[in-house]
Amino acid sequence: MFATSSRFHSVIEKLSYVFLIIGVFATPFFIDKKLINYFVVPKQYIFIGITLLSLLCLAIRTILLKQIKIRQTIIDLPVLAILGAAIFSAIFSVSGFESFLGRNEYFVINLVYLIFLIIFYFLLTNNLTSYARWQTIFDVLAGAIGISAVLFIVKSLFGQDLSGWWFPSVWNFIDNVNSTFGVWLIIGFLLSAGYLIKKDIPVIRIIFSFSVAALTLIALMLLSFKILWWVLLAGLVLLLLLGTSVLRETRIGWLSALFAVLVATIIFVVFGTPKFLQA
């Protein structure tokens with residue numbers, strides 16, 4: 001009986017983690033073409049729904065164990081402070097309905113969505129209890145960013161819409177404007193490039209991270225928005241500072257390659273991206 005109960009607890013706990021993985025991968029690509037605002041509404045709904053499923057699994061496990069386990073981090077208090085400020089702002093907002101529930105016509109940060117973002121954060125901190133789990137979340141997120149970069153590159157360079165089977169004439173699945181998509185690409189590049197500078201990582205992960213970094217950088221060059229180069233420049237500076245602070249644990253070759261990307265980014269900021277690279 002005890003062994004069966006223990007296995008059930010383990011399954012419920014792992015299921016909560018699996019829902020988080022599904023949310024990380026599915027939310028960027030979820031689009032309902034039957035809706036007018038197909039970029040905003042379905043993404044919020046799928047994100048909230050998957051977060052609720054993960055939270056339900058965690059609640060069931062808590063009830064069965066008859067104890068509450070909450071892992072704390074150094075940013076818990078700032079996160080709760082942001083939530084308190086958001087509640088205060090929503091209460092005294094001149095547009096209370098939009099502040100609490102948002103709009104369907106276009107995206108606005110609303111209290112309900114913010115609450116679920118914070119719940120998702122606490123679910124992550126309580127489910128990512130090992131390095132392997134952190135690594136899996138990283139791989140899933142990087143894979144999603146890499147796939148979105150491939151869809152954009154193929155459409156930009158070759159005019160082929162690989163997403164036509166789901167939603168034709170969409171440049172990216174992240175947002176209805178490409179500037180937001182560019183920020184998404186920068187996150188993918190910095191995560192992958194940061195992983196590449198580490199020593200003693202498997203070859204398969206080197207290939208995977210390099211592929212994501214290369215694809216996102218190519219997509220950024222095709223976009224060629226100057227504001228994106230500024231954002232990338234700030235991220236590269238921070239990443240290089242981190243790498244040089246732990247030189248014994250970094251690959252000097254990859255660190256030098258990142259410095260070369262930094263120099264190229266500065267050139268793009270000052271003189272603009274060459275015309276032949278722009279889509």
Side-chain angles (χ1 to χ4, degrees), residues 24-25 27-31 37-40 43 106-109 138 140-197 206-243 253-279:
V24 169
F25 187 82
T27 303
F29 299 106
F30 192 85
I31 289 180
N37 192 344
Y38 45 82
F39 278 100
V40 177
K43 291 183 184 299
Y106 54 87
F107 179 73
V108 292
I109 294 293
F138 164 81
V140 170
L141 178 60
I145 297 174
I147 292 172
S148 63
V150 169
L151 294 174
F152 179 80
I153 291 170
V154 171
K155 186 173 179 63
S156 300
L157 292 181
F158 307 106
Q160 299 297 318
D161 196 350
L162 298 181
S163 63
W165 60 274
W166 176 240
F167 200 99
S169 301
V170 170
W171 286 87
N172 74 82
F173 277 81
I174 308 306
D175 196 76
N176 58 350
V177 293
N178 284 333
S179 54
T180 305
F181 175 61
V183 176
W184 168 256
L185 294 172
I186 291 172
I187 293 172
F189 176 81
L190 293 176
L191 286 176
S192 302
Y195 193 77
L196 280 172
I197 63 177
I206 292 177
I207 296 174
F208 173 72
S209 297
F210 178 79
S211 299
V212 174
L215 288 169
T216 51
L217 189 60
I218 291 171
L220 283 170
M221 286 189 290
L222 292 174
L223 284 173
S224 299
F225 295 163
K226 191 169 185 178
I227 184 63
L228 294 179
W229 291 128
W230 278 107
V231 176
L232 180 61
L233 179 62
L236 283 170
V237 169
L238 294 175
L239 189 58
L240 286 170
L241 288 175
L242 177 63
W254 288 117
L255 203 62
S256 301
L258 278 183
F259 184 77
V261 175
L262 174 70
V263 173
T265 303
I266 294 174
I267 293 175
F268 292 158
V269 167
V270 176
F271 300 104
T273 313
K275 293 294 184 182
F276 70 92
L277 294 177
Q278 299 180 20

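A distance of 9.5 Å separates CG in L191 from OG1 in T216, rounded to the nearest 0.5 Å. One finds the CD1 atom of I267 at 11.0 Å from the CH2 atom of W229 (value rounded to the nearest 0.5 Å). For the atom pair CZ (F30) and CZ (F173), the distance works out to 11.5 Å, reported to the nearest 0.5 Å. In this structure, L185 CG and I174 CD1 are separated by 8.0 Å, a value rounded to the nearest 0.5 Å. Taking CG from L215 and CD1 from I145, the interatomic distance works out to 11.5 Å, rounded to the nearest 0.5 Å. From L262, atom CG reaches atom CG of L239 across 10.0 Å, with rounding to the nearest 0.5 Å.
When all heavy atoms of L236 and L258 are compared, the pair lying nearest together is CD2-CD2, 4.1 Å. Nearest approach of G243 to I197, heavy atoms of both residues: CA-CD1, 4.1 Å. Contact detail for A144 and F25: the closest heavy-atom pair is CB-CD1, 3.9 Å. The nearest pair of heavy atoms linking L223 to G182 is CD1-CA, 3.8 Å. Listed here is the closest heavy atom pair of F225 and S179: CE1-N, 3.7 Å. Scanning both residues, A213 and L196, for their nearest heavy atoms gives CB-CD1, 4.5 Å.
Using a distance-only test at 3.5 Å, with no hydrogens or angles considered, no donor-acceptor pair links the side chain of T27 to the main chain of V24.
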Evaluate F29 against S148 for side-chain contact (heavy atoms from CB on, under 4.5 Å), listing each step before the verdict. CA-CA 8 Å; F29 299 106; S148 63; 4.2 Å; yes
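In this pair, F210 and W254 present their aromatic rings tilted. The plane angle is within the 30 to 60° band.
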